[in-house]
**Student:** 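Okay, handing you the structure first.
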Number of protein chains: 2
Amino acid sequence: MADVARAAGVSSATVSYVLSGKRPVAEETRRVVEAAIADLGFTVNTMARSLRTGRSNVVALVVPDLSNPFYAQLAASLQKELRPLGLHVMVCDTQAVRDEERAFLREAVQQRFAGVVITPFRLVAKDFEALSAAGIPVVVSADLPFGEADLVTPDARAAMRQALTEVTDAGRRRIGMIAGPRDATGGDPRLELLRGLAVQLGTALPGRLVVRGEHTREAGAAGFERLMRMKYRPDAVFCANDVVAIGAMDKAEELGIGIPGDVALIGHDDASFASLVRPRLTTVRYPAPDVGRAAARLLIERLDGRVARKTVTVKAHFVARGTV
Amino acid sequence: MADVARAAGVSSATVSYVLSGKRPVAEETRRVVEAAIADLGFTVNTMARSLRTGRSNVVALVVPDLSNPFYAQLAASLQKELRPLGLHVMVCDTQAVRDEERAFLREAVQQRFAGVVITPFRLVAKDFEALSAAGIPVVVSADLPFGEADLVTPDARAAMRQALTEVTDAGRRRIGMIAGPRDATGGDPRLELLRGLAVQLGTALPGRLVVRGEHTREAGAAGFERLMRMKYRPDAVFCANDVVAIGAMDKAEELGIGIPGDVALIGHDDASFASLVRPRLTTVRYPAPDVGRAAARLLIERLDGRVARKTVTVKAHFVARGTV
DNA sequence: GTGAAAGCGCTAACAG
DNA sequence: CTGTTAGCGCTTTCAC
């Protein structure tokens with residue numbers, strides 16, 4: 001920048017101001033400076049800039065599984081919203097491992113990130129302390145609130161109720177679930193929701209028909225198998241998410257169990273491949289693009305100075321396809 | 001850091017050395033410093049560090065479509081390889097738009113990134129000049145070499161030959177292709193490869209049976225429809241990638257065209273959903289994890305000082321499933 | 001084994 | 001409308 005200033009015969013402050021537009025610069029001067037910039041192929045060093053201003057222009061998106069298209073879509077959406085503001089998104093895949101999650105949070109404060117959008121999987125509130133101490137805004141995308149952080153959360157009650165109703169209307173009575181791991185942050189709120197609904201609707205979700213595992217295809221297959229080996233086996237299975245449901249379908253095919261003939265299957269999220277499998281997966285759609293948009297908005301408001309905690313609810317919808 | 005130094009009664013240089021281990025520090029001193037660090041909840045500011053050292057610790061991964069699981073997997077793999085070295089991966093989704101691609105490259109030099117791994121879609125060699133001028137190592141993952149950059153490239157010849165052989169052995173003679181857009185970087189090397197193979201095997205890939213479009217599901221559907229509306233319509237269709245092939249399957253179902261009964265379909269990459277659709281997609285597997293690993297290795301070598309351009313070839317394999 | 005101090009490239013007062 | 005200048009927080013000689 002000093003080079004540019006010299007070449008243009010101005011001070012480096014002026015160069016800085018033509019770049020940032022933070023104060024008026026004479027048309028003539030601007031032209032000369034811009035010419036010099038082009039000449040020398042100069043590019044601002046954003047590290048120096050951020051060091052000086054105390055704020056970087058990168059936002060971290062921390063997710064448990066980037067190969068789940070739901071999160072890939074979330075990433076794309078967030079990036080699209082933040083880009084026009086000059087904010088960059090650094091996508092971090094934690095593989096649902098707590099130490100990885102923590103490592104990324106630590107990195108976020110080391111890098112003085114502008115903000116963090118995170119779907120915590122095994123983190124606890126305490127893990128966020130360093131972030132708030134550093135004054136880095138956090139938006140949590142999860143079913144449950146998380147300390148001081150802003151929250152984007154699904155309203156899936158109506159959708160789940162509808163799903164459950166469809167299932168019972170079809171005469172199914174033995175409802176089971178392949179839920180998330182027991183040590184996940186907040187347990188598994190989707191399980192709790194289903195439980196509550198089951199009570200309301202006069203159905204049961206017996207504890208022994210709830211199996212648990214990671215949010216992976218393999219775990220879905222394993223969980224489904226365990227369910228099917230029970231003497232009192234379910235005739236409808238809700239899944240923690242679509243990836244798990246796909247795994248269940250793998251196993252059903254392997255075991256020669258008919259879906260939905262023998263067992264109804266309900267996914268969650270409507271990840272892109274839910275409509276790809278055959279039969280098509282009936283699921284509860286939680287629209288990733290909307291989640292990304294909401295998270296972006298919350299983050300931007302924080303950056304603009306909002307201090308009060310805020311929650312945005314994104315409505316989920318029941319999507320009837322071929323597995324119920 | 002000054003605070004820590006004061007609290008520990010040492011100089012900030014010593015604190016720095018405790019953190020980096022770049023010179024021996026007395027056991028006693030180290031303990032005191034570490035206590036102070038813990039006490040104050042101090043975290044290094046990597047921006048300041050990078051400014052000082054002139055190198056950041058983030059690597060950009062620039063891809064055309066993050067919602068294509070192939071790239072999501074690539075991202076995961078690259079991240080896994082680079083993480084242990086303290087390098088972070090910033091994933092950038094360009095949506096195959098040239099201006100976005102350029103914007104990310106510009107950002108890479110502004111941020112003085114440690115390196116860039118990119119699958120260029122519409123970029124040309126010139127777009128990389130600023131990067132090399134800034135001395136930022138670039139690894140290109142593509143079918144064709146790209147200026148000075150290191151290259152990870154598929155060897156898909158044998159696999160494609162096998163695919164083509166299967167198709168012709170099944171008595172198919174009218175080979176078509178849904179290729180990438182005409183203005184994509186390097187045209188469509190997969191198309192060229194198929195053309196060459198067709199000649200070798202005494203089959204034809206007539207120009208009119210080649211349609212073009214983006215690497216999207218919609219474009220795949222549109223391309224397949226155009227093909228099917230021709231009077232001389234293909235009985236086997238190769239696709240630019242699996243996403244395109246899935247789009248073609250959508251359309252086939254819509255039009256009541258049997259796959260593989262009426263038309264054989266061959267994808268490319270073996271993205272995760274290739275085995276999800278029914279019938280399962282026959283494809284040419286290009287293993288994303290291997291690509292990520294290779295890219296990481298190339299990048300690391302460069303960072304370690306290698307100067308000569310290098311190419312790593314990753315072998316692709318024919319995967320016979322249900323669409324041929 | 002430790003400290004002092006220069007300076008990375010930029011921004012934002014402050015002064016003119 | 002423009003210039004001067006003081007750091008942002010760190011690393012790294014150089015000196016002890």
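Every chain is numbered from 1 and lettered A, B, ... according to where its sequence line falls, protein lines coming before strand lines.
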**Student:** Taking salt bridge (charged side-chain N to carboxylate O under 4.0 Å, His left out) as the definition, give me every residue that meets it alongside A:Asp143, ordered by chain and number, with sequence neighbours left out.
**Tutor:**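 With neighbours one apart ignored, the set is A:Arg190.
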
**Student:** C:dG9 C1' sits how many Å from B:Arg55 CZ, rounded?
**Tutor:** 15 Å

**Student:** For nucleotides 6-8 of chain C, print each protein N/O atom paired with a nucleotide N/O atom at under 3.5 Å, atom names and distance only.
**Tutor:**
| residue | atom | partner | partner atom | Å |
| --- | --- | --- | --- | --- |
| C:dG7 | N2 | B:Arg52 | NH1 | 3.2 |

**Student:** Between the side chains of B:Glu107 and A:Asn57, does any donor sit under 3.5 Å from an acceptor?
**Tutor:** yes

**Student:** Can you check whether B:Lys22 has a side-chain N or O nearer than 4.0 Å to OP1 or OP2 of D:dT12?
**Tutor:** yes

**Student:** Closer to the 5' end of DNA chain C via nearest nucleotide, is it B:Val25 or A:Arg49?
**Tutor:**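 Counting from the 5' end, the first nearest nucleotide belongs to B:Val25.
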
**Student:** Any luck finding a side-chain donor-acceptor pair between A:Ser132 and A:Glu148 under 3.5 Å?
**Tutor:** no

**Student:** Using the test side chain to side chain contact (heavy atoms under 4.5 Å, CB included), find all partners of A:Thr216 that sit at least two apart in sequence or belong to another chain.
**Tutor:**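 Only A:Glu214, A:Glu218, A:Ala219 meet the side chain to side chain contact (heavy atoms under 4.5 Å, CB included) criterion with A:Thr216.
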
**Student:** In chain order, what residues pass the side chain to side chain contact (heavy atoms under 4.5 Å, CB included) check against B:Asp290, with sequence neighbours excluded?
**Tutor:** B:Pro287, B:Arg293, B:Val314

**Student:** Under 4.0 Å between a Lys/Arg side-chain N and an Asp/Glu carboxylate O for B:Arg297 and B:Glu301?
**Tutor:**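 No, no charged N to carboxylate O under 4.0 Å.
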
**Student:** Whole angstroms only, please: what is the CD-C1' distance between A:Glu27 and D:dT2?
**Tutor:**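 Those two atoms, CD and C1', are 16 Å apart.
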
**Student:** Can you tell me how far P of C:dA12 sits from CE of A:Met1, to the nearest Å?
**Tutor:** 11 Å

**Student:** Quickly work out the B:Leu40 CG to D:dG9 P distance and round it to whole Å.
**Tutor:**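 Checked: the CG to P distance equals 14 Å.
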
**Student:** Calculate the interatomic distance between B:Arg31 atom CZ and C:dG1 atom P; express it in whole Å.
**Tutor:** 14 Å

**Student:** Expressed in angstrom and rounded to an integer, what is the separation of B:Met47 atom CE from C:dT11 atom P?
**Tutor:**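 From B:Met47 CE to C:dT11 P: 13 Å.
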
**Student:** Rounding to a whole Å, what distance do you find between A:Arg30:CZ and D:dC1:P?
**Tutor:**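 So the CZ-P distance, A:Arg30 to D:dC1, works out to 10 Å.
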
**Student:** With rounding to the nearest 0.5 Å, note down the distance linking CZ in B:Arg302 to CG in B:Asp150.
**Tutor:** 4.0 Å

**Student:** Of the residues in residues 6-20 of chain A, which ones touch DNA chain D at a heavy-atom distance under 4.0 Å?
**Tutor:** A:Gly9, A:Val10, A:Ser11, A:Ala13, A:Thr14

**Student:** Select one nucleotide: of C:dT2, D:dT2, D:dC10, the one nearest the side-chain heavy atoms of A:Ala26.
**Tutor:**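 Of the options given, the side chain of A:Ala26 lies nearest D:dT2.
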
**Student:** Are B:Gln111 and A:Thr46 close enough that a side-chain donor and a side-chain acceptor fall under 3.5 Å?
**Tutor:** yes

**Student:** Return the nearest nucleotide to the side chain of B:Arg23; candidates are D:dC14, D:dC1, C:dC10.
**Tutor:** D:dC14

**Student:** Sequence neighbours excluded, which residues qualify as ring-ring contact (aromatic ring centres under 6.0 Å, His included) partners of B:Phe104?
**Tutor:**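 Expected list: none.
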
